[in-house]
Amino acid sequence: MSDRSRVYILSAFVAGILLTLGVRNLSPALEKLRGYRARRRSESTITLRDLIEEDAIAARSGPPAIVEGIEGCIGNTPLFRIKSLSEATGCEILGKAEAEEHGILTPGSGDTIYEGTSGSTGISLASLARAKGYLAHICMPSDQAIEKSDLLLKLGAIVDRVPPAPIVEKDNFVNRARALAHAHTTSSANTSDSESSVPASSEVSGVSRGRGYFADQFENEANWRAHFQGTGPEIYAQCNGKLDAFIAGAGTGGTISGVALFLKPKIPNLSVVLADPQGSGLYNRVRYGVMFDNKEREGTRRRRQVDTIVEGIGINRVTANFEIGKELVDDAVRVTDAQALAMARWLVEKDGLFLGSSSAVNCFAAVKTAMKLGPGHRIVTVLSDSGSRHLSRFWARAGNVGGAVDTKLEDVLDAKDDL
């Protein structure tokens, strides 16, 4: 993957930040989003007609030769053919280089964006926060790859690595980020009068400056909305409307919901498939209508959250972002750790693609979907993470690919845990 492509692996969801971050007067798009939220309080759901009637943002023909700052690189990420998987299945399997984010504050004021994230969202947030004049404070589970928190620190973010805990506990990384944002705002408000004579740019020991904003990627509907306005139209334009299946995992659920909400009305026969790692309850939620996984039953869990080496996707609750599009998800594919590891190695061996754990899960599910549909179909999935962010955990387990190897696709499909 080229350096240019790596730059483009900033999420289309980052567009959600740019739609809101640093804007004092809400744009028409945000006013519509607020209208959606208001309607959700008075109505049970948003209908597809509501969404179809809104103006979608058309994909650009390509990025301009010169863009304005790092934020100018957001969107229009490459859609490329994964040669080995396409040739092995007889379907055209295309990868969309992506990832995700959001926000709302005043540049240069000391305002801080707080987020609870497994890493990738935080990395994009930290980059854009600096570019837009904010600070970033990221809370993440301590069992995530150390490369992510190291990179966040290099990007100037404050990082809290907290022990994994269920979402119902106050020490959960998401709940901690929310509490810190509230405390920041409260502290700033309580000290504003006594600090009135101090310039805004001054450093005052022990005093929180500006406002704390909790980005709330799991429940903030700017998430799915950005994919509805960005990623979905881009895929549709890049495929000329010819697409048989869309595959994506769900952490927040924003990608799969937003893309499905855009594509389904335009391609009624499109199959939307969830790629779900072991330990996540969403597979059973889509297949059987219940949130349960054998890995999570009482007495069997090795850790307090979803039991998988895969990072960034897999969850045991239905978020607001997944909820809005869940009825458009047609099927789900369960992917074990062993299968994800085997797929990641395959993609290096056959295509030179060095991808992370959630991308490997998506590609495995894309192959299973291709085999179900049969040759001649076109399938798009999301390549959401680079392998460089997963060296200490996922790729430590995957090991080195080595020299002369000739892995067969059936070896990947039949991969078993060696524990």
Side-chain angles (χ1 to χ4, degrees), residues 1-18 21 69-74 77 97-103 112-164 173-174 176-177 180-181 213-215 217-218 223 249 251-252 255 305 308-314 340 344 348 353-362 382-398:
M1 190 178 295
S2 69
D3 289 341
R4 182 166 181 165
S5 294
R6 292 177 199 274
V7 172
Y8 289 155
I9 303 182
L10 286 170
S11 151
F13 184 37
V14 179
I17 299 179
L18 298 181
L21 217 55
I70 190 173
E71 59 267 37
C73 296
I74 296 167
T77 54
E98 288 299 329
E100 37 189 325
E101 317 305 302
H102 37 219
T112 302
I113 303 167
Y114 291 82
E115 181 61 298
T117 169
S118 61
S120 294
T121 294
I123 290 166
S124 295
L125 263 179
S127 299
L128 287 178
R130 285 289 172 173
K132 300 292 289 183
Y134 312 117
L135 302 176
H137 190 131
I138 305 300
C139 299
M140 62 187 300
S142 59
D143 60 355
Q144 302 297 286
I146 194 68
E147 293 86 7
K148 295 179 182 179
S149 55
D150 286 348
L151 180 54
L152 284 164
L153 291 169
K154 301 299 184 191
L155 290 170
I158 298 170
V159 181
D160 285 342
R161 289 179 67 96
V162 301
F173 65 104
V174 174
R176 177 167 173 77
L180 286 171
Y213 176 78
F214 177 47
Q217 62 166 322
F218 291 89
N223 183 333
T252 65
T255 302
Q305 287 187 300
T308 178
I309 197 172
V310 173
E311 298 179 12
I313 60 173
V348 170
L353 289 172
F354 184 51
L355 302 176
S357 56
S358 60
S359 297
V361 169
N362 287 345
V382 180
L383 307 182
S384 51
D385 50 0
S386 165
S388 62
R389 296 179 183 176
H390 296 261
L391 293 173
S392 61
R393 293 191 71 242
F394 183 77
W395 272 100
R397 281 275 301 274

Heavy-atom closest pair, residues Pro163 and Ser142: CA-OG, 3.5 Å
Side-chain (Arg389) to main-chain (Ile146) donor-acceptor, under 3.5 angstrom: no
Side-chain (Ser357) to main-chain (Phe394) donor-acceptor, under 3.5 angstrom: no
Distance, nearest 0.5 Å, that separates CG of Leu155 from CG of Asp150: 11.0 Å
For Glu115 against Ala177, the heavy-atom pair lying closest together: C-CB, 3.5 Å
Stepwise side chain to side chain contact (heavy atoms under 4.5 Å, CB included) test for Ile113 and Leu128: CA-CA 10 Å; Ile113 303 167; Leu128 287 178; over 6 Å; no
Worked verdict on Leu383 versus Asn362 for side chain to side chain contact (heavy atoms under 4.5 Å, CB included): CA-CA 7 Å; Leu383 307 182; Asn362 287 345; 5.7 Å; no
Side chain to side chain contact (heavy atoms under 4.5 Å, CB included) between Leu152 and Met140, intermediate numbers included: CA-CA 11 Å; Leu152 284 164; Met140 62 187 300; 4.0 Å; yes
N/O donor-acceptor pair under 3.5 Å between Ser127 side chain and Ile123 backbone: yes
Arg397 side-chain N/O to Ile309 backbone N/O, donor-acceptor pair under 3.5 Å: no
Euclidean distance, Leu355 CG relative to Ser384 OG, rounded to 0.5 Å: 8.5 Å
Side chain to side chain contact (heavy atoms under 4.5 Å, CB included) evaluation trace for Thr117 with Lys148: CA-CA 10 Å; Thr117 169; Lys148 295 179 182 179; over 6 Å; no
Within-4.5 Å side-chain heavy-atom neighbours: Asp160 and Ile138: no
Nearest-0.5 Å distance, SG of residue Cys139 to CZ of residue Arg176: 5.5 Å
Ring geometry between Phe218 and Phe173 (parallel below 30°, tilted from 30 to 60°, perpendicular above 60°): perpendicular
Inter-residue atom distance Leu180.CG - Thr112.OG1, 0.5 Å rounding: 10.5 Å
Test log, rule side-chain hydrogen bond (donor to acceptor under 3.5 Å, both in side chains), inputs Ser392 and Glu147: CA-CA 7 Å; Ser392 61; Glu147 293 86 7; 3.0 Å; yes
Polar side-chain atom of Asp385 near backbone of Ser359 as donor-acceptor pair, under 3.5 Å: yes
